[in-house]
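Remember, it's a predicted structure, so these values are computed and weren't measured experimentally. Per chain, numbering begins at 1; letters A, B, ... match sequence-line order.
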2 protein chains.
Amino acid sequence: MTRIQDKRVRLVDAAKALFHTCGFHLTTLADIAQEANVPLGNVYYYFKTKESLAEAVLVKRSRELHEALQAWEQGETVKDRLLAYVQYEIDNVEQTVQSGCPIGSLCQELAKQGGSLADGAAKLLNDTLLWVEHQFQSMGMGHDSHELAEQFVAAIQGNALLTHTFKDPKILEKLKPTLSAWIDKVASSKNVSMQREKVEEYA
Amino acid sequence: MTRIQDKRVRLVDAAKALFHTCGFHLTTLADIAQEANVPLGNVYYYFKTKESLAEAVLVKRSRELHEALQAWEQGETVKDRLLAYVQYEIDNVEQTVQSGCPIGSLCQELAKQGGSLADGAAKLLNDTLLWVEHQFQSMGMGHDSHELAEQFVAAIQGNALLTHTFKDPKILEKLKPTLSAWIDKVASSKNVSMQREKVEEYA
DNA sequence: GTCTATATACAGATAGAC
DNA sequence: GTCTATCTGTATATAGAC
């Protein structure tokens, strides 16, 4: 790409990192410009407002999320896929210890002020939720899939908050065996009723 | 109390509400002063800095939390007590829809900047966690109590985040039967091993 | 396209009359 | 104790030379 795109990319990357570590409101455009090695006045050539820069960050986070979802989707069994998601959180646990879940903290901070930023952050969490729900459907959980997905994502988000608040990576790490056992239990309890319900096709 | 205390109380109440609905950084002292019907310049007679006002808010939240814990403690069985906590969240679900869990959102926002505010917010969540852990100990869950408490609190915090993000009170409302069944399952699975473990005294 | 200098707005905090 | 007026710093955003 051209040099102009490089600067734009650098600004979005710097903003993405700083919004996560310091939060949206505490991060100044001067901080972002410095981190990206771009003079402050030049930022406005690429982004008219701080909000439009934040929107670009949300677009980038969305692209990265869907790449991750695709990667986890490669797992052989549904359980493998769901645990790949959990493992991803564990691989990035130091980030979560320092600044919380990147998506969860965006939702918490941006949901309060409404507007397009709140919607964009909510969509990240919703896309995650829909993917998990799809996994449970592939498992044959039918109508329960939505609530199971909510419990799964809530468990990860809740444990990420505890991890961040108490600066303790072990909290997230312990979650993997816990969720693994929970998936088994959920699946086995469903197998009983599978005798009378049609098993859904894997998508 | 004297009139001077009234103003102080009004400022703390206004700050408590606004920090929750708008977040700490987005709330200005002018907003707080207006909400409390106190002239801006007079705020500094009671609180030298915005941070010291936030500390007073944390003290108030801590007092209120411990009052709530005592109220829930009146439940007859351990399950009643834990579900009283969940019911409390449901009773205040509209607040959570609008602004998230008061304690969880404080932790998320203040943990990033460290300092005494981060510690104060973390203590609120930790006190909650310790109370839940104590309940599980009273149930005879022994060494598992800590991790059960983490899962319990994480479930509530995670569901509060989803409730806030998706503006959907039903998410938190559905949690009560889910956790109720979970408590039963946990208790019954422990009853098996109670035959070989000493049952701990209720505190 | 780039970057310095600056306008504008508003935040936290203070001075000092009452 | 109270409150107006204001200081000071800093954030977003713009103007305009290069």
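Between B/Y44 atom OH and D/dT4 atom P the separation is 15 Å, expressed in whole Å. As rounded to whole Å, 15 Å separates atom P of C/dA11 from atom CG of B/L53. Between the NZ atom of A/K50 and the P atom of D/dT10 there is a distance of 15 Å, given to the nearest Å. In this structure, A/R10 places its CZ atom 12 Å from C1' of C/dT2, rounding to the nearest Å. To the nearest angstrom, C1' of C/dG1 lies 15 Å from CZ of A/R8. Following rounding to the nearest Å, A/Q34 (CD) and D/dA11 (C1') show an atom-to-atom distance of 15 Å. Here D/dA11 presents its P atom at 20 Å from CZ of A/F47, a figure rounded to the nearest Å.
Rounded to 10 degrees, the angle separating the terminal helix axes of the helix from C/dG1-D/dC18 to C/dC18-D/dG1, each built from five base pairs, is 10°.
In this view, A/K185 and A/W182, B/K185 satisfy the side-chain contact (heavy atoms from CB on, under 4.5 Å) rule, not counting sequence neighbours. Residues that satisfy the salt bridge (Lys or Arg N to Asp or Glu O under 4.0 Å) test with A/D80, not counting sequence neighbours, are absent from this structure. With sequence neighbours left out, the salt bridge (Lys or Arg N to Asp or Glu O under 4.0 Å) criterion links B/D119 to no other residue. The side-chain contact (heavy atoms from CB on, under 4.5 Å) search around A/C107 returns A/I103, A/A121, A/L125, B/L161, B/T165, not counting sequence neighbours. B/E150 pairs by the salt bridge (Lys or Arg N to Asp or Glu O under 4.0 Å) definition with A/K174, not counting sequence neighbours. Residues that satisfy the salt bridge (Lys or Arg N to Asp or Glu O under 4.0 Å) test with B/K16, not counting sequence neighbours, are B/E64. Not counting sequence neighbours, the partners of B/A154 by the side-chain contact (heavy atoms from CB on, under 4.5 Å) test are A/N159, A/L162.
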Side-chain donor/acceptor pairs under 3.5 Å, residues 29-43 of chain B, sequence neighbours excluded:
| residue | atom | partner | partner atom | Å |
| --- | --- | --- | --- | --- |
| B/D31 | OD1 | B/T28 | OG1 | 3.3 |
| B/D31 | OD2 | B/T28 | N | 3.1 |
| B/D31 | OD2 | B/T28 | OG1 | 3.0 |

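Side-chain proximity of A/Y46 to the nucleotides C/dT2, D/dT12, C/dG12 is greatest for C/dT2.
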What's touching nucleotides 3-6 of chain C from the protein side, N or O pairs under 3.5 Å?
| residue | atom | partner | partner atom | Å |
| --- | --- | --- | --- | --- |
| C/dC3 | OP2 | A/K7 | NZ | 2.7 |
| C/dC3 | OP2 | A/N42 | ND2 | 3.3 |

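Separating the CG atom in A/L69 from the CD atom in A/Q74 is a distance of 11.5 Å, to the nearest 0.5 Å.
Using modelled atom types and a 3.5 Å distance limit, the side chains of B/K79 and B/S180 yield a donor-acceptor pair.
Applying the salt bridge (Lys or Arg N to Asp or Glu O under 4.0 Å) definition to pairs two or more places apart or across chains, none involves residues 91-111 of chain B.
Of the residues in residues 24-33 of chain B, not one comes within less than 4.0 Å of DNA chain D through any heavy atom.
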